[in-house]
Every structure is written in structure tokens, then in C-alpha cells.
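Read through the structure below, which is laid out as C-alpha cells, and then see the notes.
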Amino acid sequence: MSQDLNYTAFHDLETFSERDLKTYGTHAYAEKAEILLWAYALGDEPVRVWDATADPRPPAALLEILQRPGTRHVWHNGGMFDRTIMKHARPELHALIPEAAWWDTMVQAYTHALPGALDILCDVMNVPLDQRKLKTGKAFIQLFCKPRPKNQALRRATRHTHPVEWAQFVEYAGQDIEAMRVIYRKMPTWNYSGEEFDLWLLDQRINQRGVLVDRELAQAAVTTVEGAKKALAARTVELTDGAVESATKRDKLLAHLLAEYGVELPDLQASTLERRIEDQALPWALRELLAIRLQASTSSTSKYKRLINGASADGRLRGLLQFAGAGRTRRWAGRLWQPQNLPRPKIGVLRDEALQDEIDFGIDAIKAGAADLIYENVMEVASAAIRGCIVAPRGKKLVVADLANIEGRDAAWLAGESWKLQAFRDFDAGIGADLYKVAYAKAFGVRPEDVDKTMRQIGKVMELMLAYQGGVGAFLTGALTYGFDIEQMAEDAYPGLPDDIRDEAKGMYDWTVRKRRSTFGLSERAFVVCDSFKRAWRRGHTEIEALWGALEESAIRATRNPGTTVDCGRFRLRRDGAWLRIRMPSGRFLCYPSPQVDDNGRFTYMGVNQYSRKWTRLHSYGGKLFENACQSFARDILAHNMPAVEAAGYQIVLTVHDEIITEAPDSPEFNAAHLASIMATPPAWASDIPLAAAGFEALRYRKE
């Protein structure tokens, strides 16, 4: 656990491995790694660099620092990189640093919504130029830390082959320490101390533990998919008379469709292709081409290859989670294999148990090398099977549980939407209707028992997409995700819309057209229906809708009045210096660096643009602030019970969104119901929130 430390030491490693870091990931890279340089400094003392290639024995000064009791050892990305390198390359030195003495400035940055890269952090934190990470460092990394190109006689550059550059490399290594010292002292620690720091230590144990993977399945899937790609490419050549060599050639395929069939598609996204494939008015050859493109673009080959390359010698895949990598919300982000972005499994039109049975059969077919003999769409089967690469070790089982509709529950709790909280409690007690039915019923003034399957699907999309001030565009995104035919839905739903809601939505459509804004390619009727659903949902959630405006107004007021605490329901907002903080019920903070109110009265702050990945000024609004809060709160709920999960004997190997995947002894006392009960235990700071979780036990991971 966290502790008070009297000294602070700063460290940084430069390493060499014959394996490429991006291709193999840290853990497989580390198996072949060696330490070249170790830069270090105690407090404000001068930076020293140990050249381990000149003398493999660590200098006395470094050993003294490593063995000094009560010392905090500060690294940048030390938890995910340097610590792993040391465990493999110098385990005797790794053993000298107690677990709780590690400190990671990259994680410190992430927990406060700052960028993780050291050079960008130096810009953001205004580190003096003479103390910044040297921009020339990348050239030294390319020269000394990687094997030379295979076509060159010299396979590796060293201090002997490039003495001048090596001296500059040593200077570069020391400069990283200078930069690290400055940012360590300038960054806050609100979200990286106490229980949160202890949670990071648990995160490190989870990442070091990793998951066991079925490499036989992964290798067979790669072989299967590569064969299918060749067959699809050959068929593409045949259908286009050689004009397009592969359906993955986007521009050539679009040009061929226009020239040969007079069809101009806006893009080749799955939703666009699926709509056209079902259009019986189009020539069969055109529809087959689109189907081939859809298959070729859904290949999971890269994920399978990443899994094969990244697995350690013992068959476990490690380093899959980045603590607080999602930035503002402090949720875990995926790394290497990207477990947070696994494809939604689909084989034909199968659902639920039938789908999982088919996935299991497909896995057997892939491993037997017979998938192409059984399935028309091999790519779809391979994509659906990707989760099955995570397996239980011998004598153990996977016990998995997922928090049920946690964002819907915490949104209602945070906003005080009392009717909805009671609906969740009734459903959990077995006396109430499904919440997607309840949401639809509340919006349109009908009884939940009268909500049919189609209405429930609409309710589901409303729940998932409209809680954060989304409108027609958000509903459209959700509908496409869940396979709606928007135009058909509009035809079915339009006659039943309440007159006043329909009239308001029609007015919004007319205004949108008049202002020449996007109607998202929808017909007037479809636009009106989607906008009506938005309005009906908001009428049924008056407390949530009110909180959007209150949060936005509070953020603006707090920004304009530094040092003043602004209460907003369960939140407290305050600006101090260059930070606006929103205190969550858990005691953690949503952090907004450099807050401002622009000339249009909008709240803005500095952050990473999710599309450009650049540090820039961003605009936010009430619904977005509420989304940040709900996702952060869901993360805090999940994280709060993780230590209890571990204490009960369930070894956490991975988290995926609101799901915990564990390994446990293959005995009855370890079961999904028990795990779910631990996960659904309300914390003291939200003791009355209705929580529920459910899961499964298996030898192979799947989507429940």
C-alpha cells in the first residue's frame, strides 16, 4: 500500500532488444532486452548515467540509492516499461525496489487528464528549454536501441562503432531525468494518492499477471484468414475483369462501382455496405462485390498476430491495460491487443445462446483447418472467435461478471431521477420490468407490459445514446449499431407519436433545413421520428435534463470565479490556478486544465483531441460534462470493489469496460454469482445506489 517516503530518486533506462517494441509489446520485448544506460539522480543532486555496456556492475552510488530505506523511485512509464525490463534483464536490482516505492509520472499525468508523452508534457507544463527532453533523442533510439536493417553489414550500433554518437546518447539519457524532475514537482497528485495509488499498485499486479492465451487457435485463425483473403481477392479480380486486384483497395473499388454500375457510394463503412447489399434492385455482381468488401474489412488478422507476437514464453499475454489511460474519466485504456475494442461477435443473424454455440463450433473448425469448408464467411467466424483466445490455465476456470447497465444506474443516481432508481430496484427484486421497456413506456406514456420487442429495442437505443444530451445524430448512431432500419422504423413509429412532440420535432426539422444543417441523410419522416424519441426521452428524465444545464452553468461560474466552490447536486466545482476540478462523490476529481469561458460564453479547456490526438483547446457543454461524470463514476464503482474481489481469491487478469475477468480454482465455491455479489456491493459514498451484476464461468472467454 501507499506510504510516506522521505527521499525521492529519479530513474530512466535506455534499452536494446532484437524485438520491435510496437510489434511485440513490452513483455515479449523484455524477454530479449538488455539495459544499455541507466540515468539516475537522488533529489536535486547531479544526474549520473551508468553505462552498463562498459561495466555490467552497477555503481556504488546507484546501489546506495536502490537500497536506501524510505525512498520513492520515480520513473516515466516505469510501471509498464522499466519495471518489466528490470525483471528480465536485471532481476537482482528489481528486487531492491519495494512495490509501493514505485512512482510513475506518466500515470500521474493521465490521472489528471494530461498527455502521457514526456516531450508533450514538457510543452504543457512549460518546462524550461534547458531541462526538456531532447528532440534529437529519437535518432539515438533508432541508432542504438534497435537492430540495424538486414541489408546492412553492421547489424548493431554500439559505443565502439559510433563513439561520438554514443557520448551524445549518454547526454540525452541524463536530460530525461532533468525533464522528469520538473514535471513530477509541477503536476498535482489529487488522483494519484491514497486509495487511488494503491489501486494503481493492484493494476500493476494485474498487468504483470496477464491472461493465458490459446496460441494454437490464434495461429490457425491467421492461416484461415490469410487463405480467405486470397480467395476473396481472386474473386474480386474475376468480378471486375482485373480492374481491382483486391476489395481492400478502397479508391479503386469506388471508382469501379461508379464507372461500371453508375453507383456512387459516400464511403465503404459497414453500415453503408449492409444497406446496399440488401437492395434487390442492384445487380447481383455489384452486391457480391460489396459483400466481399464487407468480409475483407472485418478481418481480425492483426489482432491475432498481435496476440501471437505479444505472448510471453509462458503463453501469457501481459500489459493489456493502461491505468487511467482514458484520461479525464480515469478509465482503463487498452494496450497491445486492445481488449476494450474487441469486435461485437456476429455469425449470420444468430443471437444469444445459438450464437455462442456457433462460435464454439467455429473455433473447433478453425483449429481443425476446416472453417473454409463449413462457412461461407470465414472472416465473420474468425472475428467472432477472437475473445475465445483467452483461456483458463489447467486446474482453473475463468469467472467473469459485468456490472449491469451501470451508466444508466449512476446517471439516475447522480441526477436524483427517483422514479428510475425505483425501477432499477424493482427490476433487481424481480418485481419490475426490464429498464429498456420502462424507458420507452415512460417516454410515451404507455404501460411497460405493452412494450413489444421493437419498442424495447428503441428504448435500448434511447437509454444508451440520449442520456448525454444527444439528439438525432446520437440516436442514428445507436440505431445503426443495433441493426435498425431507420426508415422502416420511422414508418412504423410515426403514426403513434404524440401530436405535440411530433409538431415540435417537425419544427426542428424545418429549422435544420432552413439553416442548411445536417439532416444525416435521413428523410423528413425519419428525422422527425428520431427527434421525437429524443424529446420523449427528455420529458421522461426531467432531473437528468436539468442537470445538464446546471453542470454547464456551474462550470462557467466556477471558471469565472477562481477560489469559489460551486455546489451542483452531488458535485462540487472549483477553480484553483490553472485547474477546474469537479469533485465526484468518491472523492476523486474530474480535471479540466486551463479552463476558460470564450467570447461566446462557452466553457473550454485544454485536452487531447480524440481524432487528431493533439493537445488543443476543447469546448464542452452540460451533456458532455455529465457523460464524463457518469463514466468516471462507473469506473470508481468498478475500482472500489476490485481489492475485495482479489481478497476473495479471484485473481483479476483483465477488465473490459465494466466487466472483470478472473482466474479462480475450478471448484464450486468460486462462482459467477459470488463474484457478481462482490462487484455489486455499493460503496459507502453511494450506499443507496442500486447495483447489479451477472456473469458466467467458462474455460474460454466469451461475450455474455
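When reading the values below, keep in mind they use all heavy atoms of this one structure, side chains included, and skip hydrogens, waters and symmetry mates.
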- Task: Carefully, step by step, assess Asp20 and Lys22 under the rule salt bridge (Lys or Arg N to Asp or Glu O under 4.0 Å).
- Result: CA-CA 6 Å; Asp20 178 70; Lys22 290 185 178 180; over 6 Å; no
- Message: With rounding to the nearest 0.5 angstrom, report the CZ to OG1 distance, Arg635 to Thr655.
- Response: 10.0 Å
- Assess Arg48 against Tyr40: is NZ or CZ under 6.0 Å from the centre of the six-membered ring, and within 45 degrees of the ring's axis? no
- pair Leu93-Leu63: side-chain heavy atoms closer than 4.5 Å: yes
- Using modelled atom types only, decide if a donor and an acceptor are shared between the side chain of Asn191 and the backbone of Thr111 within a distance under 3.5 Å. yes
- Can you find a pair of side-chain heavy atoms, one from Trp38 and one from Leu62, that are under 4.5 Å apart? yes
- If you take all heavy atoms of Asn628 and Thr329, which pair is closest and at what distance? O-CG2, 3.7 Å
- Anything under 30° is parallel, anything over 60° is perpendicular, the rest tilted; go ahead and classify Tyr592 against Phe603. perpendicular
- Query: Side chain of Arg328, backbone of Cys591: donor and acceptor closer than 3.5 Å?
  - Reply: yes
- Message: Could you check, using the six-membered ring where one of them is a Trp, whether His640 and Trp685 have ring centers closer than 6.0 angstrom?
- Response: yes
- Task: List the steps, then state whether salt bridge (Lys or Arg N to Asp or Glu O under 4.0 Å) holds for Asp44 with Arg185.
- Result: CA-CA 12 Å; Asp44 290 321; Arg185 289 161 178 164; 2.7 Å; yes
- Could you give me the CA-CA distance, side-chain angles and deciding distance for Arg156 and Glu34, then say whether salt bridge (Lys or Arg N to Asp or Glu O under 4.0 Å) is met? CA-CA 13 Å; Arg156 180 175 174 183; Glu34 62 182 90; 3.1 Å; yes
- Would you kindly check if the NZ (Lys) or CZ (Arg) of Arg588 is within the cone defined by 45 degrees around the ring axis of Trp190 and under 6.0 Å from the six-membered ring centre? no
- Query: Name the one of Glu407, Gln631, Glu627 that satisfies side-chain hydrogen bond (donor to acceptor under 3.5 Å, both in side chains) with Tyr468?
  - Reply: Glu407
- Message: On a heavy-atom basis, which atom in Ile177 and which in Asp12 lie closest, and how many Å separate them?
- Response: CD1-N, 3.8 Å
- Worked verdict on Arg330 versus Leu590 for side-chain contact (heavy atoms from CB on, under 4.5 Å): CA-CA 9 Å; Arg330 294 170 295 106; Leu590 290 175; 5.5 Å; no
- Query: Atom CD1 of Ile582 and atom CG of Leu573: how far apart are they, to the nearest 0.5 Å?
  - Reply: 4.5 Å
- Taking C-beta and beyond as the side chain, do Met679 and Asp658 meet within less than 4.5 Å on heavy atoms? no
- Message: Is a donor from one side chain sitting under 3.5 angstrom from an acceptor on the other, for Thr8 and Arg72?
- Response: no
- Message: Once rounded to the nearest 0.5 Å, what's the spacing between atom OG of Ser193 and atom CG of Asp198?
- Response: 9.5 Å
- Task: Considering non-hydrogen atoms only, spot the tightest contact between His76 and Met180 and give its length.
- Result: N-SD, 3.7 Å
- Message: Can you confirm if the aromatic rings of Phe197 and Trp103 lie within a centre distance of less than 6.0 Å?
- Response: yes
- Message: Between Asp104 (side chain only) and Gly79 (backbone N and O only), is there a donor and an acceptor less than 3.5 Å apart?
- Response: yes
- Query: Are Ile183 and Leu118 side-chain neighbours, meaning at least one heavy-atom pair lies under 4.5 Å?
  - Reply: yes
- In terms of side-chain geometry, is the basic nitrogen of Glu165 or Arg159 positioned less than 4.0 Å from the acidic oxygen of its partner? no
- Is the backbone N or O of Lys87 less than 3.5 Å from a side-chain atom of Arg90, with the two atoms forming a donor-acceptor pair by type? no
- Please confirm whether Arg68 makes a cation-pi placement over Tyr7, using NZ or CZ under 6.0 Å from the six-membered ring centre and within 45° of the ring normal. yes
- Task: Would you check if the side chain of Asn309 reaches a backbone N or O of Tyr24 as a donor-acceptor pair within less than 3.5 Å?
- Result: no
- Look up atom CG in Asp82 and atom CG in Leu13, then write down how far apart they are to the nearest 0.5 Å. 4.5 Å
- Task: Answer whether the closest heavy-atom distance between the side chains of Arg557 and Asn561 falls below 4.5 Å.
- Result: yes
- Item | Least distance between heavy atoms, Leu114 atom then Tyr110 atom | O-CD2, 3.7 Å
- Item | Intermediate values then yes/no, side-chain contact (heavy atoms from CB on, under 4.5 Å), Leu66 and Ile97 | CA-CA 6 Å; Leu66 295 177; Ile97 304 179; 3.9 Å; yes
- Heavy-atom check, side chain of Pro562 versus side chain of Arg574, under 4.5 Å: no
- Side-chain heavy atoms of Ser632 within contact of Arg331, under 4.5 Å: no
- Audit row: Asp203, Leu199, side-chain contact (heavy atoms from CB on, under 4.5 Å) steps and yes/no: CA-CA 6 Å; Asp203 160 86; Leu199 183 65; 5.8 Å; no
- Task: Report yes or no: does Arg575 contribute a side-chain atom to a donor-acceptor pair with the main-chain N or O of Ala558 at less than 3.5 Å?
- Result: no
- Message: Run Trp615 and Asp123 through side-chain contact (heavy atoms from CB on, under 4.5 Å) and show every step you take.
- Response: CA-CA 10 Å; Trp615 183 256; Asp123 290 336; over 6 Å; no
- Query: Between Trp102 and Trp200, does the ring centroid distance fall short of 6.0 Å?
  - Reply: no
- Ring geometry between Tyr29 and Phe81 (parallel below 30°, tilted from 30 to 60°, perpendicular above 60°): tilted
- Item | Closest non-hydrogen atom pair, Arg617 against Pro595 | NH1-C, 4.5 Å
- Return yes if a side-chain donor-acceptor contact under 3.5 Å exists between Gln208 and Thr84, otherwise no. yes
- Note on the structure: The ring-ring contact (aromatic ring centres under 6.0 Å, His included) partner of His11 among Trp75, Tyr184, Trp50 is Trp75
- Message: Taking Met125's backbone N and O only, do any of them form a donor-acceptor pair with Lys186's side chain (distance below 3.5 Å, no angle check)?
- Response: yes
- Nearest 0.5 Å please: distance from the CD atom of Gln596 over to the OH atom of Tyr605. 13.5 Å
- For Arg570 and Trp413, indicate whether the former's side chain and the latter's backbone hold a donor-acceptor pair under 3.5 Å. yes
- Would you name the heavy atoms of Val656 and Pro339 that are closest together and state the gap between them? CG1-O, 3.6 Å
- Message: Check whether Thr161 reaches the backbone of Ala157 with its side chain - one donor and one acceptor, N or O, closer than 3.5 Å.
- Response: no
- Message: Checking Glu18 against Lys146 for the salt bridge (Lys or Arg N to Asp or Glu O under 4.0 Å) test, could you report, in this order, the C-alpha distance in whole Å, the side-chain angles of both residues, the deciding distance, and whether it holds?
- Response: CA-CA 6 Å; Glu18 62 188 46; Lys146 300 179 180 182; over 6 Å; no
- Message: A quick test of your reading: do over 12 heavy atoms of other residues, nucleotides or ligands sit less than 6.0 Å from CZ of Arg155?
- Response: yes
- Query: Between atom CG of Asn207 and atom CD1 of Ile652, what is the distance when rounded to the nearest 0.5 Å?
  - Reply: 11.5 Å
- Query: Among all residues two or more places apart in sequence or in another chain, which pass the ring-ring contact (aromatic ring centres under 6.0 Å, His included) test with Phe144?
  - Reply: Trp166, Phe169
- Message: If you define the side chain from C-beta out and look only at heavy atoms, does anything of Arg316 sit under 4.5 Å from Leu212?
- Response: yes
- Task: For His657 and Gln340, indicate whether the former's side chain and the latter's backbone hold a donor-acceptor pair under 3.5 Å.
- Result: yes
